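Below, chain A is the first sequence line, B the second, and so on; all start at residue 1. This is a predicted model, so every value here is computed, not measured.
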Amino acid sequence: MDLSGAPYGSLGTLSGPSITIQELKKDRISFILTETDLSVANSLRRVMIAEVPTIAIDMVEIETNTTVLADEFIAHRLGMIPIDSTDVERIKYTRDCTCSQYCSECSVELTLHVKCTEDRTKIVTSKDLVSNNPQFQPVVEDKNDQGILIVKLRKGHELKLKCIAKKGVAKEHAKWSPVSGVAFEYDPYNKLRHTHYWIEEDAGKEWPVSGNAKLEAEPNPDAPFDYNAKPDRFYIETETVGSLKPEDVVSMGMKTLLDKLGYVQMQLKEELASHQQDQTGWSY
Amino acid sequence: MPTTFDTLKREQAFRNPSDKEFQTPSLQKVAAPHLESFNAMLEYGDDKHGLLEMAVADIGHKAVFDGKGKDGKLGNKLSFWIDKVMIQRPMLSDKETRSIERKIFPTECRERLITYRGKIQAHLSWRVNDGPVQTESRLLGLAPIMVKSNICHLQHLYPAQLIRHHEETEEMGGYFIVNGIEKIIRLLIIPRRNNVSALIRPSFSNRGPAYTQFGCAIRATRPDQTSQTNTVHYLTDGGVMLRFSWRKQEYMVPAMMVLKALIDTSDKEIFDALCMGDVENTFLTDRVELLLRGFKIYSLYTRDQCLAYLGDKFRVVMGFDDDFLDREVGEGLLRKIVLVHLIDRRDKFNLLVYMIRKLYALVSGACCADNPDSPQHQEILLGGHLYGMIFKEKLEDWLTTVKQHITLDVRKYFTRTLARVPSDVGQKLSYFLATGNLVSNTGLDLQQATGYTIVAEKLNFYRYLSHFRCVHRGSFFAELKTTTVRKLLPEAWGELERFVCPVHTPDGGPCGLLNHLSHTCKVINEPLDVSQIPALLASLGITQTVVHAIRGAEQVAVQLDGRIIGWCEPRLAERVAKTLRFWKVEGGKGVPLDLEIGLVPPSHGGQYPGLFLFSTAARMMRPVKYLANGKTDMVGPFEQVYLEIACMDDEVVPGVTTHQEFAPTNILSIIANMTPYSDFNQSPRNMYQCQMGKQTMGTPATAIRHRTDNKLYRIQTGQTPVVRPDLHNYYGMDGFPNGCNAIVAVISYTGYDMEDAMILNKSSHERGFGYGTVYKSEIIDLGEMKQQGEGILHHFGMGKDADKKWREKLDWDGMPFIGVTLKDGDPICAYVDDTTGRTHVKKYKNHEDGLVDEESLAIISQKSLGDTPPLFTCNDSGDQECQKVHIKLRITRSPIIGDKFSSRHGQKGVCSQKWPAVDMPFTESGMQPDVIINPHAFPSRMTIGMFVESLAGKAGALHGIAQDSAPFKFNEQFTAADYFGEQLIKAGYNYHGNEPMYSGITGEELQADIYIGVVYYQRLRHMVSDKYQVRTTGPVHNLTMQPVKVSTRRRIHSIRNLPSFISPSSAYYALGNAYGRKRAGGIRFGEMERDSLLAHGVSFLLQDRLMNCSDYSQCHVCRLCGSIVSTVSIAPTSLSTRRDIECRVCGTSKGIDLVAVPYVFRYLATELMSMGIKLTLGVKP
């Protein structure tokens, strides 16, 4: 499939989009997407934020809660805890599953039972969640990470609950988003004049240039304005919440896009097949 | 501008609450006016004599006679009096035998919905004739006690102990608990005590013939804080009358008679005292002459004659003992009514003379009238003082009733009479606090009878604080049409008015009448030691008054608390004032710092000159810097008018300015001070913020579990603002967060942010932005169902006959399980009825689901009886079964479309859409706003402070610093834009706070750069869930069959007289109500709404609203004659058993048809018929 965008664009080539990784860390990736159209780059951004599936706690059955926080508030906090979703592909969406409510095919069960019996304040963290599937554990950064704080207990407080984590996308709820933010920029020197900078006195003093500007040639102030130019170099940086590796987020985002188009393609085939029979006569 | 978040300090204080000190001591001062005034009842000043003791002394003795003496003699005398009154700390009743802890703490009262009160113990003494004195101790009921006062168990407790008693860590007290509700006696503005003010009131001339509009009034205050107003009136015939009211009746007495009754004097002395040697002034001498001459008609020459005359006339009114001579009654009158702040008769004489002189000066135009609306002539009626006044009056009433009872039947024994006379003073005080109504024989010299108390709502901390600081002008003024009392007067503004906040007053009805004390304002509440002052004044050259004639006319009076100390030249008065002030600030000379030194210089037609010193309680005072020595001077509103106080450094004029403000923000109240950069905003916006800050869903309390408030609003994700003033920490606001820091973009995006709507980021919302909870109290009282005097018939619990469905929600004890969700119609609690032996339930009635959060049974002790549910005992003596239960329900309120939010700059808006994060605009760094607001919200409202907050918040968030937002820190040379611009540049952001943004939908860069930053957002308590109204069918008006409309009687009346047949359109009352939201009322679907449906062509909807859901009806019409009024049903005959409809006019049933018409149309036809007008309908198939 050709994703290179408009081939007639002045800067467009037929070679298709290409990607250069600038930086790759545990929780972030920064890359440059080139030779493609704005719509494609933005689609990738949108998909990474909202449509890459992950696992997150969706249902909480509370058995005992004598803590200071209300049931629904704890449930909300649990939902926000990132769960390692590297193997998210192995889990089905509950809606696609044959089971009636949930099963091990389409969900992960996590339990939590903490009781404070000492005089000291006890903290309940994401590390206290026990998963029935070792592939899907709450994310921990490193050995020293004590986990994400859920609630603090005093002597006599108890929290016992069962969580059902399901596969989902951030379109439905932000807890399924694998990213905390996607930086997106093109044309740092505003050569295309898509925007107007508000300048009081001195642009240099008021507008610090973006870091991505170093990667582009400084504009020649005498050069004539190219009104046909289109953006084709996109600086994207993705920061994850930990549930997925940053590079996976990008590739899964692309896959999601492909799947979407693939689905349309399939539909098109079906439609064509049904229309073929009608082509015997003029439709009017 | 350093300010800090104090995170660690606060965390530490929360973890390990101290048992030695408060974390924010300043909070303890907020309720000081209330607390100190209450404490004064029992301890006033250093000598530990309470006001109550003084009151008891002032009530004095009462006496009755048995009339057994011969020859009309009075007989034996029984005199009785109260020796002492004590209020005890709240304790369990002696009847209760099970508990070890005998103290009752406030939290118990809140949870049990009872009153926090202690026993009133009075020592009553009596004697017969000169026999031995007998004393008896009597219980006068239970008096409500102010929390944290000197008879409260919490008085000296610190955070650690307070937490143990389920209170707030920084509990500040100052309120009463009445039936579980926290009540405050509101501060009230009243005329300044012991100060003679000149008045011109047209209503004065209505007092009688010859009365004029001129008068001089003084509100004289007794040591026990009760007061008596005396007014001298000028009469056209030159006379002067003294007016006073006694037991709500007004009396006038010639001033001359009072003068002569006060001391043994001569006409010569009175003449000299009034003229002060100014015999050239013929205006004065003429009138004094008339005054003296006019009194001759009474033929009273000596003091004794005057006293006897007064005594004779006032014997019945005053109600003194029967054995008093007329003379003694006269003396009693002078003691109890005339210038009661003075004891010495000579002092009274001097002051009365002074009042008459001032009156003459007013009449002649030598001085002007004093403005009673100016704070110069005002002071504050403090809660504790009012409480004490009522206390005193009720004690006196009790004695009087006792007296009446004995008089009725002298043979009865004294103690038996006592038992018959109701003596529950405590109950009367509770009634006062619960209702705010003043039931009084005397009126207590006050202008209103209702509205004295307010509920201390814990809606959020701002609102709670402001209750303690609010001052009301008096409900009398609320009805006044003129707005003069509401005005912030030019003379009271500018350099002057610094005692109440100019910003913090509500809009609308109470505007300008309900004010708030500025945050540094203090209300004096202890007696000052002024014993040295007269000697000091004498040493400074003030002459004592011995011979009046030798004084010059230009000499001015020197008064201390309404007592004339002496006279002197104006120039000397000025020097004395300066010296006194220096001594007062410097200390050490016996001049207390809180003394007010009001020097009024002589002027032509200005205020009446003199040197007025005030040391009494209930005055407002505030600190300013005294430039002469750089120390703190306390300044009051009377003297402030004549002081030279500079605000900023550049306003100091050498040689003229004597004082300077410590900070320009001192004029603002606590709440107004919390508005960031309020100096950048248009002023009404700051007022709005003061209102909205008090309607915010915040953190009402930290001890939320132990609260039983009717409704509590709480935000779950509260944050400390990045941008806040220093006072935020000073008042410990971080203990009670009120909102959260939101990323706000100012952009017109998608159109959903039009007209003050705001777009919320859906993902932010899902992550918990603005998530709130409402706690609602359900109180179930089984005692209400039984008759008075009946035994207990209902018991909480579930019998074996209980419905199985109930068991899902309720436990065996009849209470719902904690954490269970209650839907509309679910059982909330079960009880067994003894008469039927069956189990019944109370149902939960609310369309919103409630989660059971807490149950507090009004328990003192409980015992279990085998398998049966536990018995809870609930009355004070602990011997009765529990009949009342309080269930706290939690209702979750996640923000939805239609909920209200606001920034701290009076910029409120309604959430119009929760927009998906991917569609929100974003910056190059991937930031997406939580909130989008429309740029059109700014040009007309000019809330520049919000822009500055956005800048400061952004810079603060980027650098991790708290930004000080106190107003008046920036100026033209040192601008906020530059200060925060530099910070932003350092963080790599645009200087002006703008950023290029991209459309979330297309990914294209937006044409303009967008102003985006961090603004603290509050969620207001107004939510659609509480407000939406739906109605299909419901109550209807029985004449028109249309839904009942209108909430006021007047409008119902107007419908009744509605000429609906003349203008049918006005009869379109489709959905209206007098029924409100709860009872399926609707909103009128009016003509304009009708027009819009017509314009849209949605006729089916029109028919639904105006016909089907309104007054749909069917009727028969005769096709032949077109009438709907002539169709009648005819009785079945032998020929046909069918009931038939027939037209009376046509005499046949051939043309009858059934049609659907609005009911009013039938009514119209009938009305027209009664007027002789025929209405014809053309019916076509």
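- Rounding to the nearest 0.5 Å places CD1 of A:Ile199 at 15.0 Å from OH of B:Tyr991.
- Looking at B:Asn994 and A:Tyr197, their side chains never come closer than 4.5 Å, going by heavy atoms from C-beta outward.
- For A:His76, the part lying under 4.5 angstrom from a heavy atom of chain B is the side chain only.
- By the neighbour-count criterion of 12 heavy atoms within 6.0 Å, atom CD of B:Gln1007 is sparsely surrounded, having that number or fewer from other residues, nucleotides or ligands.
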- Decide yes or no on side-chain contact (heavy atoms from CB on, under 4.5 Å) for B:Phe922 and A:Arg45, but give the supporting numbers first. CA-CA 11 Å; B:Phe922 58 93; A:Arg45 181 192 75 89; 3.0 Å; yes
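- The aromatic rings of A:Phe73 and B:Tyr771 are tilted relative to each other, their planes meeting at an angle between 30° and 60°.
- Contact annotation for A:Ser177: only side-chain heavy atoms (C-beta onward) come within less than 4.5 Å of a heavy atom of chain B.
- Among B:Asp1009, B:Asn990, B:Ile1010, the one residue that satisfies the side-chain contact (heavy atoms from CB on, under 4.5 Å) test with A:Trp198 is B:Asp1009.
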- Message: Assess the residue pair B:Glu766 and A:Lys175 against the criterion (side-chain contact (heavy atoms from CB on, under 4.5 Å)); give the C-alpha distance rounded to whole Å, side-chain angles, the decisive distance to 0.1 Å, and a yes or no.
- Response: CA-CA 8 Å; B:Glu766 284 162 355; A:Lys175 67 186 171 187; over 6 Å; no
- Message: Show, in sequence, the C-alpha distance, side-chain angles and deciding distance for A:Arg46 and B:Asp919, and conclude whether the side-chain contact (heavy atoms from CB on, under 4.5 Å) test is met.
- Response: CA-CA 8 Å; A:Arg46 287 170 63 95; B:Asp919 292 339; 2.7 Å; yes
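- If you measure heavy-atom distances from B:Thr1002 to chain A, the contacts under 4.5 Å come from the backbone alone.
- When every heavy atom of A:Asn42 is checked against every heavy atom of B:Gly1000, the shortest pair comes out as ND2-O, 3.5 Å.
- Around NZ of A:Lys171, the count of heavy atoms belonging to other residues, nucleotides or ligands within 6.0 Å does not exceed 12.
- Heavy atoms of other residues, nucleotides or ligands lying less than 6.0 angstrom from CE of A:Met254 number more than 12.
- In this structure, CD in B:Glu924 is found 7.5 Å from CG in A:Asn212, a value given to the nearest 0.5 Å.
- For A:Glu200, the parts lying under 4.5 angstrom from a heavy atom of chain B are both the backbone and the side chain.
- The NZ atom of A:Lys152 sits 4.5 Å away from atom CZ of B:Arg15, with the distance rounded to the nearest 0.5 Å.
- Remark: A:His173 NE2 to B:Arg767 CZ distance equals 9.0 Å, nearest 0.5 Å.
- In this structure, B:Lys762 places its NZ atom where more than 12 heavy-atom neighbours from other residues, nucleotides or ligands lie under 6.0 Å away.
- Of the possible polar contacts, none joining the B:Ser925 side chain to the A:Ala183 backbone as a donor-acceptor pair under 3.5 Å is found.
- Residue A:Glu206 touches chain B through both its backbone and its side chain, counting heavy-atom pairs closer than 4.5 Å.
- Atom NE2 of B:His936 is surrounded by 12 or fewer heavy atoms from other residues, nucleotides or ligands within 6.0 Å.
- Distance CD1/A:Ile49 to CD/B:Gln928: 5.0 Å, rounded to 0.5 Å.
- A:Glu201 does not touch chain B: none of its heavy atoms, backbone or side chain, sits under 4.5 Å away.
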- Using the side-chain contact (heavy atoms from CB on, under 4.5 Å) rule, take A:Tyr186 and B:Glu1004 through it: C-alpha gap first, then chi angles, then the decisive distance, then the call. CA-CA 9 Å; A:Tyr186 65 85; B:Glu1004 200 175 344; 3.6 Å; yes
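- The line from CG of A:Asp71 to OG1 of B:Thr892 is 11.5 Å long, rounded to the nearest 0.5 Å.
- Atom NZ of A:Lys122 sits in a sparse spot, with 12 or fewer heavy atoms from other residues, nucleotides or ligands closer than 6.0 Å.
- Here the closest heavy-atom approach between residue B:Pro996 and residue A:Trp207 is recorded as CD-CZ3, 3.5 Å.
- Counting non-hydrogen atoms of neighbouring residues, nucleotides and ligands closer than 6.0 angstrom, the CD atom of A:Glu247 exceeds 12 such neighbours.
- The local environment of OH in A:Tyr227 is sparse, with at most 12 non-hydrogen atoms from other residues, nucleotides or ligands closer than 6.0 Å.
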